[in-house]
Amino acid sequence: MSSLREVLNENVREGELYEPIERNRIRCYACGHCCPIPEGQAGVCKVRYNKGGKLYVPWGYVGGVQCDPIEKKPFFHAYPGALAYSFGMLGCDLHCSYCQNWVTSQALRDPNAVSPPLEASPEVMVRDALRLGAKVLVSTYNEPLITAEWGVEIFKEAKSAGLKTAFVSNGNGTPKVLEYIRPWIDFYKVDLKSFDDRHYRQLGGRIGPILDTIRWLHENGVWLEIVTLLIRGFNDSDEELRQLTEFVASISPDIPWHVTAFHSDYKMNDTENTRPEDLLRAAEIGKRAGLNFIYAGNLPGRVEGLEDTRCSHCASTLIRRYGYFIEDYRLTPNGCCPDCGTAVPGRWAEHFEGQIADRPFIPGQRSALSRLISIEPEF
Ligand code: SF4
């Protein structure tokens, strides 16, 4: 039986986002760490490594696939109701103690995180997505930037089949990786976890590259939505939320901001779950900062209409939601308010076609993806 590390080392290809630097090292540009990687070593993410002066990156597998309503990613202004065929890889460039996908994101750091990968090809995944009626193919669950080359390979196939593509990411990017993915990506969700660099350093990152990614995505016309998981005592002070939402509004007041409820997970078990009133307070701060589209997530039916999309001009309800379920959809075919004609920022289908699912499901027996190998948790 092979270890996870052995399996992953067999499923690689030379990457494109790197250059040689002094003393037999290479510098990787796939995320904001820009690791200088010595010969025989891996970067912080543990899935990209230097062998013989070349950077090897994950290829030919996924950590898992799931079909999600696009509202779960969450995207609320990008093809509402669409089914999002979602794949995750393994590893991450951060190590958040409250990670809600830790089984895959920390698979190479934490012996308790065991997630056998599936053999995959772009053709098989796209065929599977089309068979299930998906409209969007999404790299998600762990950090997609660290497998940007493989993501682009899959997205090329997806786009040639007419699918939309998206990253659900912590936003710890570099100009090089963003330029690299730009031709192949339609939507991008950034998880803006805090507005305090000290908090980001606790999670293993820095705030600077994340804010730069947000600026870059907006300036380059990638549809962007931002999420902040609200954690009591970590990122929920009025002052921090004011700074965070004022920053987003300074990029554009039309960027949707999702403030979502935390529930205890992974190593953060002593923090209380976020309450509806916490989300409502955060939303009020975002409103004062000037944001036009604020959504409160993870507490369906308990957030006073903050799951719905309203016209920023006349306040008419345009899309009514309960959790991921769309109860009513009133946008015109060109994405405008039917009452006052104001255009709603986003990427809209000509017609709302209903939802295949309003909750996640795993593609069943007929899925062509198969287990690469049974692995034992050995590191
Ligand atoms: S993806 Fe980020 S963490 Fe991984 S090797 Fe590259 S720069 Fe380092």
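Both ligands and their constituent atoms are indexed starting at 1 by order of listing.
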J.: May I ask you to determine how many protein N/O/S atoms are under 2.8 Å from atom 2 (Fe) of ligand 1?
T.: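 Step by step: take atom 2 (Fe) of ligand 1, keep protein N, O, S below 2.8 Å, and you get 1.
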
J.: Number the atoms of ligand 1 from 1 as they appear, then name those within less than 4.0 Å of a heavy atom of Ile37, with their elements.
T.: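 Selected atoms, number and element: 5 (S).
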
J.: Can you tell me if CG on Asp328 sees more than 12 non-hydrogen neighbours from other groups inside 6.0 Å?
T.: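 Enclosed.
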
J.: Filter on ring pair (Phe, Tyr, Trp, His ring centres under 6.0 Å), then keep only pairs touching residues 308-338, sequence neighbours left out; what's left?
T.: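 Pairs touching residues 308-338 that pass the test: Tyr329-Phe352.
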
J.: I'd like to know if the side chain of Arg206 reaches the main chain of Tyr200, judged simply by a donor and an acceptor atom lying under 3.5 Å from each other, with no hydrogens or angles considered.
T.: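 Absent.
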
J.: Determine whether Arg232 and Glu272 satisfy the following criterion, salt bridge (charged side-chain N to carboxylate O under 4.0 Å, His left out), listing intermediate values before the conclusion.
T.: CA-CA 7 Å; Arg232 296 177 70 190; Glu272 288 176 67; 3.1 Å; yes

J.: Does either side chain, that of Tyr56 or that of Asn11, offer a donor lying less than 3.5 Å from an acceptor on the other one?
T.: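 Their side chains do not contain a donor-acceptor pair, so the 3.5 Å distance test is not met.
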
J.: Do the ring centers of Phe167 and Phe155 come within less than 6.0 Å of each other?
T.: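 Phe167 vs Phe155: aromatic centres under 6.0 Å.
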
